[in-house]
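As structure tokens, the structure follows; a few thoughts come after it.
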Number of protein chains: 2
Amino acid sequence: MKIRILISFKESILDPQGQTVKNALHTLGYDFIKDVRQGKVFELELDGISEDRMNEVVPEIAHKVLANPIIEKFDWKIIK
Amino acid sequence: MKIRILISFKESILDPQGQTVKNALHTLGYDFIKDVRQGKVFELELDGISEDRMNEVVPEIAHKVLANPIIEKFDWKIIK
């Protein structure tokens, strides 16, 4: 089974990388871009785990290992 | 309109960050994880652009600015 975890800054947190990308895109003439937020994506290939256990353990992995829960939020889904 | 662009290494490209995360997860006992690939995600807020123009310009931005097309691939969709 393959899952995708998206991690991004919480709305209230400034995203300087995203701002830099936005400014670069404006310089290139893409001025219809009002905001850019950058985040991380992890694609995990899992094997030998039940769906119930996966629903329990994936949020745990995202929360404890991949994201910084103070400033980041995550979202995940099965992709295959 | 809000879009999400996912950028990840092409399948043939080694992903040392993903490998490191996989090893860390194994150390923590999550040994059902067979592979980890890490990538970037950009969420762009667009305004004042037609859907046709967006379909033209978003791949251009992803290809020319956000991704390195030699080693990375991208995928995008409208999220709002």
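Chain A is the first sequence line, chain B the second, and so forth, proteins listed ahead of strands; every chain is numbered from 1. Because the structure is a prediction, the values reported are computed rather than measured.
- Residue R37(B) holds its CZ atom at 8.0 Å from NZ of K2(A), rounded to the nearest 0.5 Å.
- The environment of CG in L14(B) is sparse: at most 12 heavy-atom neighbours from other residues, nucleotides or ligands sit within 6.0 Å.
- With a 4.5 Å cut-off on non-hydrogen atoms, I5(A) does not touch chain B at all.
- L6(B) places a side-chain heavy atom less than 4.5 Å from the side chain of R4(A).
- A heavy-atom distance below 4.5 Å is not found between the side chains of F32(B) and D47(A).
- The choice from V36(B), V65(B), I3(B), I61(B) that makes the most heavy-atom pairs within less than 4.5 Å of chain A is I61(B).
- Distance check: Y30(A) OH to K64(B) NZ gives 5.0 Å after rounding to the nearest 0.5 Å.
- Under the 4.5 Å side-chain heavy-atom criterion for ILVMFWY residues, no single connected hydrophobic cluster contains both L44(A) and I79(A).
- Within a 6.0 Å sphere centred on CD of Q17(B), heavy atoms belonging to other residues, nucleotides or ligands number 12 at most.
- Per-residue heavy-atom pair counts under 4.5 Å with chain A were compared for L25(B), D31(B), I7(B), D35(B), and the maximum is reached by D35(B).
- Within a 6.0 Å sphere centred on NE2 of H63(A), other residues, nucleotides and ligands contribute 12 heavy atoms or fewer.
- F42(B) touches chain A through backbone and side chain together, each having a heavy atom under 4.5 Å away.
- Here E60(B) is the residue among R53(B), M1(B), E60(B) with the most heavy-atom pairs under 4.5 Å with chain A.
- Heavy-atom distances place the side chain of I49(B), and not its backbone, under 4.5 Å from chain A.
- M54(B) and L66(B) fall within the same hydrophobic cluster, defined by Ile, Leu, Val, Met, Phe, Trp and Tyr side-chain heavy atoms under 4.5 Å apart, directly or through other members.
- Counting heavy-atom neighbours within 6.0 Å of E45(A) CD, excluding the residue itself, gives a total above 12.
- In terms of heavy-atom pairs under 4.5 angstrom with chain B, the leader among G39(A), A24(A), S8(A) is G39(A).
- Between Q38(A) and K40(B), some side-chain heavy-atom pair lies under the 4.5 Å cut-off.
- Interface residue V21(A): only side-chain heavy atoms are found under 4.5 Å from chain B.
- F74(A) is not connected to I71(A) by any chain of hydrophobic side-chain contacts under 4.5 Å among Ile, Leu, Val, Met, Phe, Trp and Tyr, and they are in different clusters.
- Of the listed residues (D15(A), V57(A), L28(A)), the greatest number of heavy-atom pairs within a distance under 4.5 Å of chain B belongs to V57(A).
- Both the backbone and the side chain of I33(A) have a heavy atom closer than 4.5 Å to some heavy atom of chain B.
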